Amino acid sequence: MPRYQGRCHCGSIKFSFVAPAIKNGLRCNCSICIKKGAMIGDFIVAPEEMKIEVAENALATYQFATHVGKHHFCKTCGIYPFHQTLRKPGHYRVNLGCVEGVDTLSLPHKLIDGAAL
Ligand SMILES: [Zn+2]
């Protein structure tokens, strides 16, 4: 499986992960995804496959409701690069818009009904 590189807008948060070739994305209608408008990967990254480099404490975390999911964003540029998923605590889903070489505007995607979960 390839290792992908990603970063927030300002580069304070850099990350890389191993995943199957990215050919699809997901959009979710839960209360936070609908506001972010981001396309997320259709795969979940195990913590040992995720490498995260953060400059000067730039990583902030937002939690709500059950406080199980961890929604990370960059304190400098505000971009959401990845989150730790509610359904598999400690594992990550990534914002495909932050991943090098992925064109989210031309990527087919599915909808997931996160609002119903
Ligand atoms: Zn940033």
Side-chain angles (χ1 to χ4, degrees):
M1 294 198 291
R3 177 165 285 277
Y4 289 94
Q5 309 290 328
R7 47 176 276 169
C8 66
H9 191 266
C10 71
S12 293
I13 300 169
K14 295 188 173 90
F15 61 104
S16 74
F17 59 91
V18 172
I22 297 173
K23 294 177 180 161
N24 293 286
L26 290 179
R27 283 190 183 278
C28 173
N29 65 354
C30 82
S31 63
I32 188 161
C33 286
I34 202 85
K35 291 188 187 297
K36 286 175 181 166
M39 189 186 295
I40 58 180
D42 66 352
F43 50 87
I44 290 177
V45 183
E48 61 272 18
E49 301 291 358
M50 185 80 169
K51 288 187 185 149
I52 301 169
E53 254 181 79
V54 178
E56 292 165 26
N57 285 325
L59 188 74
T61 302
Y62 172 63
Q63 294 182 274
F64 63 98
T66 60
H67 288 249
V68 176
K70 292 184 179 174
H71 303 275
H72 301 299
F73 60 97
C74 174
K75 284 184 201 169
T76 303
C77 66
I79 295 297
Y80 144 67
F82 46 77
H83 70 276
Q84 292 178 55
T85 174
L86 179 67
R87 278 184 264 179
K88 206 165 181 188
H91 290 60
Y92 293 86
R93 279 199 191 270
V94 303
N95 175 0
L96 293 183
C98 290
V99 179
E100 263 176 40
V102 176
D103 176 7
T104 51
L105 295 181
S106 64
L107 207 60
H109 61 274
K110 291 180 187 158
L111 299 175
I112 51 172
D113 192 4
L117 298 173

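Quick caveat: nothing in here was measured; it's all calculated off a predicted structure. Counting convention: from 1, in listed order, for ligands and their atoms alike.
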(request) Apply the test side chain to side chain contact (heavy atoms under 4.5 Å, CB included) to residues N29 and L111: give CA-CA distance (whole Å), side-chain angles for both, the deciding distance (0.1 Å), then the verdict. (result) CA-CA 8 Å; N29 65 354; L111 299 175; over 6 Å; no

(request) Apply the test side chain to side chain contact (heavy atoms under 4.5 Å, CB included) to residues Y4 and V94: give CA-CA distance (whole Å), side-chain angles for both, the deciding distance (0.1 Å), then the verdict. (result) CA-CA 11 Å; Y4 289 94; V94 303; over 6 Å; no

Please list, one pair per line, the donor and acceptor atoms closer than 3.5 Å that link side chains of residues 34-51 to other protein atoms, with sequence neighbours excluded.
none

(request) Could you point out which residue of Q84, K70, H72 forms a side chain to side chain donor-acceptor pair (under 3.5 Å) with T61? (result)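 By the side chain to side chain donor-acceptor pair (under 3.5 Å) criterion, T61 pairs with just one of Q84, K70, H72: H72.
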
(message) Just checking F17 against Y92, ring centres under 6.0 Å apart?
(response)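 For F17 and Y92, the ring centres are not under 6.0 Å apart.
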
(request) Determine whether the side chains of R93 and T85 contain a donor N or O and an acceptor N or O closer than 3.5 Å. (result)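 Side-chain D/A pair, R93 to T85: absent.
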
(request) Sort by chain and number the protein N/O/S atoms found under 2.8 Å from the Zn ion (ligand 1). (result)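 Per the 2.8 Å query on the Zn ion (ligand 1), atoms found are C8 SG, C10 SG, C74 SG, C77 SG.
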
